[in-house]
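Single-structure report; data block below.
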Amino acid sequence: MDASHDSLRANVVQLRSRPTADVLIIGAGINGIATFRDLALQGVDVALVERGDFVSGASSASSHMIHGGIRYLENGEFRLVKESVTERNRLLRTAPHYVRPLETTIPIFSTLSGILSAPFRLLVTHGRGKPRERGAALIKMGLTMYDTFSRDGGHVPRHRFLGKKKALAELPAMNTDIKYTATYYDASMHDPERLALDVMHDGEVAGGDRARTANYLSAAGMNGSSVTLRDETTGEEFDFTARVVLNTSGPWTDITNAALGEQTGFMGGTKGSHIVLDHPELLEATRGREIFFEHSDGRIVLIYPLKGRVLVGTTDINADPAKPVVCTDEEVDYFIDLIGNVFPAIAVDRTHIVYSFSGIRPLPHHDDTAPGFVSRDYRIVQSDTLGVPMLSLVGGKWTTFRALAEHLANDTMQLLGRQGKVSTASLAIGGGKGFPADADARLRWVAEHADGRDSARVEALLERYGTRATEVLEATPETDAELAELPGYTAAELAHLAATEQVVHLDDLLLRRTSVAFVGGLTEDRLRVAASAIAPALGWDATREAAEVERTVELLRRSHRIDATAGGSFIAA
Ligand SMILES: Cc1cc2nc3c(=O)[nH]c(=O)nc-3n(C[C@H](O)[C@H](O)[C@H](O)COP(=O)(O)OP(=O)(O)OC[C@H]3O[C@@H](n4cnc5c(N)ncnc54)[C@H](O)[C@@H]3O)c2cc1C
């Protein structure tokens, strides 16, 4: 692959030409990114490096929920639930472009089950052992507690219970064996990758040339008390010195520590997969709600309408982070089975799958605790064996990223002998700044910014980028026409993303700068069109374009079981 353009990557050059900072953060998932933003806002000289693309680890494999984690109540994780609900309510205000209230319905098949087993697990077995089915009484108890935690924010309505008749009137396709439904609100995060990029952009803007980031740049080892960084696109290495090093490499935290010369056993990640279905009947059956319930094995699973598709997940299986993960046939069978439990009359098979993804949760090491009951809370561990203070992050959900980052940034500031001065608690994120609060305000925003353009297009950009849509409008000509092969996108818009968001490979664009891969239908033709749209911005020649298409075909096949050479279909076993 032609590396001439890669070797000139401006962000890497910036780091290489001044290879020092107060803080080096290793790993740009949401937690590394949020900590980067926090430190940049405090005026700290900070560098963030990511061995792959930004947000390509656990943070790109989530169930897309910003949630209080109602089920953590039965593990007794009250601190985490309270923090999660508080952060959820904050995100509804600070990132309204990407985080929205999500009506969630739990179908309930029994009245009392689980009422004894859950407190028993909480008080006696501390989460070990198999859960029993959660009945209505237990769910009612949990939701009442959840409402109490939510009270401060007042951002989402309280829960409600319905008996069978009313429940089936609301959701007629649901299994008629249900006894009740419980409906409550959490929040959905429909574009996690874009939300994370917005957080990072805010950090870059706040810190200027003292807040540097680079993807495809890994922490590969130590040289004295400097960290050796390797440009993964060229193989070139250079040493970088920082006063404090933060290891936020998620499920790979122990592996990164080992590369830096320290053996740790902090992590015990579990794998979770999802499938995405193009299934209008199932989509309609959800009535726009997330259906959140307990499958026969006691695992909490979800059927979730998103971007005109249905997201189904997830599993929880002990996993080795050194090995790649992919959604297996057993998992697909499990998902199809769980849909049948809730919507028995709706036929679902593998031909409906348009995308699948898997990731490893960065959970703490656990012994005999069942994967679903391992703590989702986080902790920060300091070590000084490298000749430079290092803080390793162990755990951390998407939902709590801001609070976690504040905590990690405060600990870092203490090591630097400084005090934080800026709070992120109510700071609007990226395109959430000035985001119109209701339908009328949206219409006004569109009218003000249309400037002769089709208002539907301006509205689509507002939906996609929040108020940062103005940057896309400025960068693209008024006559910009949608690409027939990539509906909703124009060549100039894709080129703008490539030029301004450190796109290195075609898959960065299709999987993480846009939702093109998620909604499915990625054919080789579409890959070619996308590659040629961004080629001029990235200085790609025809050979590089072809190589990028080939790389993406292979990645889709290997990691997402999608065959772009066969119309973007799901690959059977
Ligand atoms: C299946 C599943 C469903 C989930 N659902 C939800 C949900 O609905 N809601 C929720 O709140 N949370 C959810 N989570 C949890 C959440 O996604 C993660 O806990 C969170 O994203 C972790 O972010 P992170 O930044 O700590 O780790 P990551 O996102 O994994 O980031 C770590 C980064 O470090 C990089 N890295 C590793 N080694 C190096 C190195 N040597 N040098 C440089 N970079 C390196 C990796 O490439 C990676 O990008 C889910 C997780 C999974 C897997």
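Remember, it's 1-based here, ligands and their atoms both numbered in the order they're listed. From a predicted model like this one, the values you see are computed outputs, not experimental measurements. For the numbers below, each heavy atom of this structure counts, side chains included, while hydrogens, waters and symmetry mates do not.
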For this session: Please answer whether the main-chain N or O of Ser84 pairs with a side-chain N or O of Thr399 as donor and acceptor at a distance below 3.5 Å.
Result: no
Exercise. Should the pair His295 and Tyr334 be assigned to parallel (<30°), tilted (30 to 60°) or perpendicular (>60°) ring geometry?
Worked result: perpendicular
Exercise. For His274, what residues pass the ring-ring contact (aromatic ring centres under 6.0 Å, His included) criterion, not counting sequence neighbours?
Worked result: Phe357
For this session: May I ask you to establish whether Arg90 and Phe401 are in a cation-pi arrangement, using a distance under 6.0 Å from NZ or CZ to the six-membered ring centre and at most 45° from the ring axis?
Result: no
For this session: Would you please name every residue forming a ring-ring contact (aromatic ring centres under 6.0 Å, His included) with His352, sequence neighbours left out?
Result: His279
For this session: Kindly write out the residues that satisfy ring-ring contact (aromatic ring centres under 6.0 Å, His included) with Phe570, not counting sequence neighbours, or none if the list is empty.
Result: none
Name each N or O atom in ligand 1 that is under 3.5 Å from a protein N or O, and give the partner atom and the distance.
unit_1: ligand 1; atom_1: 5 (N); unit_2: Ser63; atom_2: N; d: 2.9
unit_1: ligand 1; atom_1: 8 (O); unit_2: Ser63; atom_2: N; d: 3.4
unit_1: ligand 1; atom_1: 8 (O); unit_2: Met65; atom_2: N; d: 3.2
unit_1: ligand 1; atom_1: 8 (O); unit_2: Met65; atom_2: O; d: 3.4
unit_1: ligand 1; atom_1: 9 (N); unit_2: Met65; atom_2: O; d: 2.7
unit_1: ligand 1; atom_1: 11 (O); unit_2: Trp398; atom_2: N; d: 3.1
unit_1: ligand 1; atom_1: 11 (O); unit_2: Thr399; atom_2: N; d: 2.8
unit_1: ligand 1; atom_1: 11 (O); unit_2: Thr399; atom_2: OG1; d: 2.6
unit_1: ligand 1; atom_1: 12 (N); unit_2: Trp398; atom_2: N; d: 3.3
unit_1: ligand 1; atom_1: 17 (O); unit_2: Ala58; atom_2: O; d: 3.3
unit_1: ligand 1; atom_1: 19 (O); unit_2: Gly396; atom_2: O; d: 2.6
unit_1: ligand 1; atom_1: 21 (O); unit_2: Ser59; atom_2: N; d: 3.3
unit_1: ligand 1; atom_1: 21 (O); unit_2: Ser59; atom_2: OG; d: 2.8
unit_1: ligand 1; atom_1: 23 (O); unit_2: Asn31; atom_2: ND2; d: 3.4
unit_1: ligand 1; atom_1: 23 (O); unit_2: Ser59; atom_2: OG; d: 3.1
unit_1: ligand 1; atom_1: 25 (O); unit_2: Ile30; atom_2: N; d: 3.2
unit_1: ligand 1; atom_1: 25 (O); unit_2: Asn31; atom_2: N; d: 3.0
unit_1: ligand 1; atom_1: 26 (O); unit_2: Asn31; atom_2: ND2; d: 2.9
unit_1: ligand 1; atom_1: 29 (O); unit_2: Ala58; atom_2: N; d: 3.4
unit_1: ligand 1; atom_1: 29 (O); unit_2: Ser59; atom_2: N; d: 2.9
unit_1: ligand 1; atom_1: 29 (O); unit_2: Ser59; atom_2: OG; d: 2.5
unit_1: ligand 1; atom_1: 30 (O); unit_2: Ala58; atom_2: N; d: 2.9
unit_1: ligand 1; atom_1: 31 (O); unit_2: Gly29; atom_2: N; d: 3.4
unit_1: ligand 1; atom_1: 38 (N); unit_2: Thr256; atom_2: OG1; d: 3.3
unit_1: ligand 1; atom_1: 41 (N); unit_2: Ala219; atom_2: O; d: 3.2
unit_1: ligand 1; atom_1: 42 (N); unit_2: Ala219; atom_2: N; d: 3.0
unit_1: ligand 1; atom_1: 44 (N); unit_2: Arg51; atom_2: N; d: 3.1
unit_1: ligand 1; atom_1: 47 (O); unit_2: Glu50; atom_2: OE2; d: 2.6
unit_1: ligand 1; atom_1: 47 (O); unit_2: Arg51; atom_2: NE; d: 3.3
unit_1: ligand 1; atom_1: 49 (O); unit_2: Glu50; atom_2: OE1; d: 2.7
unit_1: ligand 1; atom_1: 49 (O); unit_2: Glu50; atom_2: OE2; d: 3.2

